[in-house]
Amino acid sequence: MELDHVFLISGYEGVPWIDRLTDKGLVETYRRTHHGQGTANVCFAFDNAFIELLWITDPTEARSEPIARTRLFERANGGCPIGIAWRGETDSRIALWEYRPPYLTDGLSIPVAKSSDDPGLPMLFQSPGRLGPAHWTAERRGALQQAANFRRLQLILHTNGPPTPDLAVLAKHSILTINQSHRWAVELRAHGDGGLVTDVLST
């Protein structure tokens, strides 16, 4: 298991997070609309993982079946806006359900942690992808962050109280570092050549 991406969701298009990232010198990798899910995104990819800024485009779709259980609408409107995805096989201690959004091709699904049914907790899920951005095709990869000497993305998660069992499992797999706090928040740090570490986004 390794970090695949981190999402932050809002009820409106990515601002102010987009500006915070571009002000740090990051460049957009791609944008996408999730037909049937009622969301769209902009992604900033590093060599190992990417940041996804996600927003609601159609509240009716976002609250429809089979989307409703993700609680994306609630997360964008006062719930915990954080999503964490990993690549690789899931530790058996994390109980999952299969999410099949309309935009995925037939037969594909996204395994989601059952603990994520609570919109006050981060959404945790296994990415359907198997490769980090550095190994994507050139057409999909677009621009990584190497021009700004940003190579690898690191996630530090501030938890609202003690970490949940699922988050503790992710921490044991080095997907994230946990800091117990009084609210949910993320720190995203970029590691570059020569040991350079830069805070690219804090919420």
Side-chain angles (χ1 to χ4, degrees), residues 1-11 17 34 37-39 41 43-46 48-56 62-63 65-101 103-104 108-133 152-189 191 200-203:
M1 295 174 70
E2 59 184 346
L3 179 65
D4 186 77
H5 68 278
V6 180
F7 81 60
L8 294 169
I9 188 168
S10 71
W17 295 319
H34 304 108
Q37 181 173 275
T39 60
N41 69 13
C43 295
F44 296 79
F46 297 75
N48 66 315
F50 63 96
I51 302 169
E52 177 184 19
L53 303 183
L54 187 66
W55 59 91
I56 301 294
R63 288 181 287 186
E65 194 67 35
I67 312 304
R69 187 173 177 181
T70 66
R71 308 299 290 276
L72 288 173
F73 181 83
E74 290 82 1
R75 295 176 186 284
N77 291 279
C80 180
I82 301 165
I84 302 167
W86 62 87
R87 290 189 301 271
E89 296 304 315
T90 299
D91 190 302
S92 61
R93 288 172 288 183
I94 300 177
L96 302 170
W97 65 277
E98 297 297 324
Y99 174 45
R100 293 181 172 84
Y103 65 86
L104 284 183
L108 291 181
S109 64
I110 299 174
V112 178
K114 291 182 178 179
S115 62
S116 303
D117 287 351
D118 182 350
L121 299 176
M123 184 174 175
L124 310 178
F125 56 102
Q126 178 183 321
S127 171
R130 291 290 183 244
L131 299 173
R152 295 186 59 81
L153 185 68
Q154 176 192 6
L155 168 62
I156 300 171
L157 179 70
H158 295 261
T159 62
N160 185 6
T164 65
D166 285 354
L167 286 172
V169 170
L170 296 186
K172 288 180 180 178
H173 285 274
S174 300
I175 291 169
L176 49 83
T177 300
I178 292 175
N179 281 340
Q180 188 171 326
S181 182
H182 64 283
R183 69 181 184 93
W184 294 107
V186 296
E187 291 180 47
L188 294 169
R189 295 179 179 175
H191 292 246
V200 292
L201 182 64
S202 297
T203 62

Minimum-distance pair of heavy atoms, taken over all atoms of Ser115 and Leu121: O-CD1, 3.6 Å

Heavy-atom pair of closest approach, residues Tyr99 and Ile67: OH-CD1, 3.2 Å

Val6, Leu153, Asp4 screened by side-chain contact (heavy atoms from CB on, under 4.5 Å) with Phe50, the one that passes: Asp4

Heavy-atom pair with the smallest gap, counting every atom of Ser116 and Met123: OG-CA, 3.5 Å

Side chain proximity check, Val112 to Leu96, heavy atoms < 4.5 angstrom: no

Separation of Leu155 CG from Ser174 OG (nearest 0.5 Å): 12.0 Å

Straight-line distance of Leu188 CG to Phe46 CZ, nearest 0.5 Å: 7.5 Å

Candidate pair Gln37 and Tyr103, rule side chain to side chain contact (heavy atoms under 4.5 Å, CB included), full reasoning: CA-CA 7 Å; Gln37 181 173 275; Tyr103 65 86; 3.3 Å; yes

Non-hydrogen side-chain atoms of Ile94 and Leu170 separated by less than 4.5 Å: yes

Ile9 side, atom CD1; Arg75 side, atom CZ - distance, nearest 0.5 Å: 8.5 Å

Salt bridge (Lys or Arg N to Asp or Glu O under 4.0 Å) between Arg69 and Asp117, intermediate numbers included: CA-CA 6 Å; Arg69 187 173 177 181; Asp117 287 351; 2.9 Å; yes

Test log, rule side chain to side chain contact (heavy atoms under 4.5 Å, CB included), inputs Val186 and Ile156: CA-CA 6 Å; Val186 296; Ile156 300 171; over 6 Å; no

Candidate pair His34 and Leu54, rule side chain to side chain contact (heavy atoms under 4.5 Å, CB included), full reasoning: CA-CA 10 Å; His34 304 108; Leu54 187 66; 3.5 Å; yes

Gap separating the CG atom of Leu72 from the OG1 atom of Thr39, nearest 0.5 angstrom: 6.5 Å

Contact summary for Arg100 and Ser109, nearest pair of heavy atoms: CG-CB, 3.7 Å

Side chains of Glu187 and His158 in contact at under 4.5 Å (non-hydrogen atoms): yes

Leu3 and Ile84, any side-chain heavy atoms less than 4.5 Å apart: yes

For the student: nearest non-hydrogen atoms of Gln180 and Pro163, plus distance: OE1-CD, 4.2 Å

Donor-acceptor pair, side chain of Ser127 and main chain of Arg87, under 3.5 angstrom: no

Flag if over 12 foreign heavy atoms under 6.0 Å of CZ, Arg189: yes

Donor-acceptor contact present, side-chain Trp184 to main-chain Gly120, <3.5 Å: yes

Heavy-atom side-chain proximity of Phe44 to Leu53 below 4.5 angstrom: yes

Closest non-hydrogen atom pair, Phe125 against His5: CZ-NE2, 3.6 Å

Pairwise distance CZ(Arg63) to CZ(Phe73) - rounded to 0.5 angstrom: 4.0 Å

Pairwise distance CG(Leu176) to CD1(Ile82) - rounded to 0.5 angstrom: 10.5 Å

Stepwise side chain to side chain contact (heavy atoms under 4.5 Å, CB included) test for Glu2 and Asn48: CA-CA 9 Å; Glu2 59 184 346; Asn48 66 315; over 6 Å; no

